[in-house]
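Have a look at the structure below, then the notes.
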Amino acid sequence: MSHWLLKSEPDVYSIQDLKRDGSTEWEGVRNYQARNFLRDQIKKGDLVFFYHSNSEPSGIAGIAKVVKEGFPDASAWNKKSPHYDPRSSQEKPVWYAVQIKFIKAFKTLIDLQMLRSAAELNQMGLLKRGQRLSVQPVRESEWKHILKMTA
DNA sequence: GCCAACGTTGGC
DNA sequence: GCCAACGTTGGC
């Protein structure tokens, strides 16, 4: 099993929204590197950190589980969607999504400052300057360390 | 709201 | 294929 980190702006969709909905399609990713993770590497049963970006503060807000792996992102061929992309079609999809379900919301968010202060996490893409990928792999050791920080 | 970093677009 | 211009991300 692999671990991942998914970024969302809580103003748009937060961990509380996921708790309310139970599960959701993680769609709208329009970056090829992130697309490749969604399409090729994220598997059913994988666990993901749900990260709140562009937030006060930003940080890891909870955990979700992948319940359906890589499938074509239908929002790409929905003209009314803000993520509409005419290059993608049902016959030749360009973008992919996964479905995730709510597992837990942390009592207190693990904010960026806390993450940065942990030497064990300094290899995380999330903490690297200029790293903007909205879907990132998380190493096993990092996953465990972050879980300890929630205790 | 600012702006650095990065990805994409399009003229040449 | 280069690269300037532009748009987006996301911390601060």
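Quantities reported herein were computed from a predicted structural model and do not represent experimental measurements. In what follows, every chain begins at residue 1, and chains take the letters A, B, ... in the order their sequences are listed.
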Checking A/Arg139 now: which residues fulfil salt bridge (charged side-chain N to carboxylate O under 4.0 Å, His left out) with it, not counting sequence neighbours?
A/Glu142
Partners passing salt bridge (charged side-chain N to carboxylate O under 4.0 Å, His left out) against A/Asp40 (at least two apart in sequence or in another chain)
none
Applying salt bridge (charged side-chain N to carboxylate O under 4.0 Å, His left out), name anything that partners A/Lys144, two or more places apart in sequence or on another chain.
A/Glu140
Set out, line by line, the N/O atom pairs under 3.5 Å between protein and nucleotides 8-12 of chain C.
from	atom 1	to	atom 2	distance (Å)
C/dT8	O2	A/Arg132	NH1	3.0
C/dG10	OP1	A/Lys7	NZ	2.8
C/dG10	OP1	A/Arg132	O	2.6
C/dG10	N7	A/Asn54	ND2	3.3
C/dG11	OP1	A/Tyr51	OH	2.7
C/dG11	OP2	A/Asn54	N	3.0
C/dG11	OP2	A/Ser58	OG	2.8

Determine the contact category for A/Arg35: base if any of its heavy atoms lies under 4.0 Å from a base atom, sugar-phosphate if only primed atoms, P, OP1 or OP2 are that close, otherwise nothing.
nothing
ring-ring contact (aromatic ring centres under 6.0 Å, His included) pairs touching residues 28-50 of chain A, sequence neighbours excluded, are A/Trp4-A/Phe37, A/Trp26-A/Phe50, A/Tyr32-A/Trp95, A/Phe49-A/Trp143, A/Phe50-A/His52
Check: residues 54-66 of chain A side-chain donor-acceptor pairs under 3.5 Å, at least two apart:
from	atom 1	to	atom 2	distance (Å)
A/Ser55	OG	A/Pro57	O	3.3
A/Ser58	OG	A/Asn54	N	3.3
A/Ser58	OG	A/Ser55	N	3.2
A/Ser58	OG	A/Ser55	O	3.3

